[in-house]
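Only a predicted model underlies this, so the values are computations on that prediction, with no experimental measurement involved. In what follows, chains are A, B, ... by sequence order, proteins preceding strands, each numbered from 1. In what follows, every heavy atom counts, from backbone to side chain, and hydrogens, waters and symmetry copies are set aside.
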Protein chains: 2
Amino acid sequence: MDIDRGSLPRAEAEEYASWFKALADATRIQIVSLLARRREPMSVGEIVAVSGVGQSTVSHHLKILAEVRFVLVERQGTSSLYRINEACVSCFPTAADVVMGNPAPAAPACE
Amino acid sequence: MDIDRGSLPRAEAEEYASWFKALADATRIQIVSLLARRREPMSVGEIVAVSGVGQSTVSHHLKILAEVRFVLVERQGTSSLYRINEACVSCFPTAADVVMGNPAPAAPACE
DNA sequence: GCGCTTCATCGATTATCGTCGATTCTCGAT
DNA sequence: ATCGAGAATCGACGATAATCGATGAAGCGC
């Protein structure tokens, strides 16, 4: 395919797709949004208590979000503390701009 | 769940999720990006010729993109002309900002 | 009307996803 | 060493998705 000329290169499109896929679920969006608003780390238990789904499900979602580095994790004692990846806060909307053909304002890659 | 306090309301999260889901595929990202760069309408055949997947698959992807109104369609004679929805060009990156907890610069809802 | 082009839809196949309950693992405390 | 709490992993389930080939429907030219 030579859609790459006139569009995005396939490799770039696939990376963006993995980002959007990570947010293609309402529960994950709420988790990211929650962590983004409180800038402080939260334990899995706190997120479970507020998320409306089971613990294993939350853990699964957090793993997906961590794989694309939307969230960062740090083990502390018996609990895992998750926090938003500040870099993504500015770089992810920029990716949306790129897909939509907008001139990227600034912000290069995400870390 | 009362994740709605401190995060996004569930209904809003679900709407955003449907948007991100529409772009959770590299082929669809390339199609959107292609239509966004050429601002002119393209026929399905043109997109197929450049997309690397079959005609029925492209038609399927275009339907998904049209359902969330990222693209608009207009039948002309025997062919269907798809074009980018200009409103989404600015409003979709804003949605990304909202999810990431950024203060939305301006741009209200996408019609 | 007939055929051709263009696109949408159908049916089937295969793969991926969200969720759950149960289990396992890792700590810290006793 | 044992226990208990917190979190990750496993196995399974139904649901959804991506892709294809084939078929169907709409419009144009002859």
Side-chain angles (χ1 to χ4, degrees), chain A residues 1 3 10 13-35 40-83, chain B residues 1 3 10-11 13-32 34-35 40-83:
Chain A
M1 95 161 85
I3 199 179
R10 183 70 183 186
E14 277 172 357
E15 179 170 14
Y16 290 157
S18 71
W19 294 3
F20 292 131
K21 196 179 307 185
L23 292 185
D25 178 274
T27 300
R28 284 200 293 272
I29 288 184
Q30 288 194 292
I31 292 174
V32 164
S33 199
L34 177 66
L35 292 174
E40 293 178 1
M42 294 181 68
S43 73
V44 176
E46 294 179 275
I47 301 173
V48 169
V50 107
S51 72
V53 293
Q55 177 265 320
S56 65
T57 302
V58 169
S59 189
H60 173 65
H61 284 318
L62 286 169
K63 181 179 183 178
I64 290 175
L65 292 173
E67 275 167 355
V68 294
R69 301 187 58 81
F70 278 166
V71 303
L72 304 175
V73 58
E74 173 194 8
R75 307 211 57 149
Q76 179 147 332
T78 170
S79 62
S80 292
L81 299 183
Y82 285 85
R83 65 180 195 279
Chain B
M1 95 159 87
I3 199 178
R10 183 69 182 188
E14 276 172 359
E15 181 171 13
Y16 290 157
S18 71
W19 294 3
F20 292 132
K21 196 179 307 186
L23 292 185
D25 180 277
T27 300
R28 283 200 294 271
I29 287 185
Q30 288 194 292
I31 291 175
V32 164
L34 177 66
L35 292 174
E40 292 179 1
M42 293 181 70
S43 73
V44 176
E46 293 179 274
I47 300 173
V48 169
V50 107
S51 72
V53 293
Q55 177 266 322
S56 65
T57 302
V58 168
S59 188
H60 173 65
H61 284 318
L62 286 170
K63 181 179 184 179
I64 289 175
L65 292 173
E67 274 168 356
V68 296
R69 300 187 56 82
F70 277 166
V71 304
L72 303 175
V73 59
E74 174 193 9
R75 309 212 55 148
Q76 179 148 334
T78 171
S79 63
S80 291
L81 299 183
Y82 285 85
R83 65 181 193 279

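- Closest approach to the Arg28(B) side chain among dT19(C), dA18(D), dC7(C) is made by dA18(D) (side chain taken as heavy atoms from C-beta onward).
- Among the heavy atoms of the strands lying under 4.0 Å from His60(A) is at least one base atom, whether or not backbone atoms are also near.
- Separating the NZ atom of Lys21(A) from the C1' atom of dT16(D) is a distance of 13 Å, rounded to the nearest angstrom.
- Taking the side chain as every heavy atom from C-beta outward, His60(A) and Ile64(A) approach each other to under 4.5 Å.
- Residue Ser80(A) places its side chain closer to dA7(D) than to any other of dT19(D), dA7(D), dT19(C).
- The distance from atom CD of Glu46(B) to atom P of dC7(C) is 8 Å, rounded to the nearest whole Å.
- Not a single donor-acceptor pair under 3.5 Å links the side chain of Arg28(A) to the backbone N or O of Ala17(B).
- At a cut-off of 3.5 angstrom, counting only N and O atoms as typed in the model, there is a donor on one side and an acceptor on the other between the side-chain of Ser56(B) and the base of dG21(D).
- With rounding to whole Å, Leu62(B) atom CG is found 13 Å from dT6(C) atom C1'.
- Checking the phosphate oxygens (OP1, OP2) of dG6(D), no side-chain nitrogen or oxygen of Ser43(A) falls inside 4.0 Å.
- What separates CD of Glu14(B) from C1' of dG18(C) is a distance of 13 Å, to the nearest Å.
- Rounded to whole Å, the distance from CD1 on Ile29(A) to C1' on dC17(C) is 15 Å.
- Rounded to an integer number of Å, the gap from Met42(B) CE to dT6(C) C1' is 15 Å.
- Distance, Asp25(A) CG to dA15(D) P: 17 Å, rounded to whole Å.
- Residue Lys63(B) places none of its side-chain N or O atoms closer than 4.0 Å to OP1 or OP2 of dA8(C).
- The base of dT26(C) lies outside donor-acceptor range of the side chain of Thr78(A), with no N or O pair under 3.5 Å.
- Side-chain contact between Ile47(A) and Leu35(A): present, with at least one pair of heavy atoms (C-beta onward) separated by less than 4.5 Å.
- Projected onto DNA chain D by closest heavy-atom contact, Thr57(B) and Tyr82(A) fall at different nucleotides, the more 5' of which corresponds to Tyr82(A).
- In this structure, the side chain of Ser59(A) does not engage the main chain of Ser56(A) through any donor-acceptor pair within 3.5 Å.
- Val32(A) has its side chain within reach of Leu23(A): a pair of non-hydrogen atoms, C-beta onward, lies under 4.5 Å apart.
- Residue Ser79(A) places its side chain closer to dA7(D) than to any other of dA7(D), dT19(C), dA18(D).
- Take the nearest nucleotide of DNA chain C for Arg75(A) and for Val73(B): the residue whose nucleotide is more 5' is Val73(B).
- Taking atom NE2 of His61(B) as the reference point, atom P of dA17(D) lies 12 Å away to the nearest angstrom.
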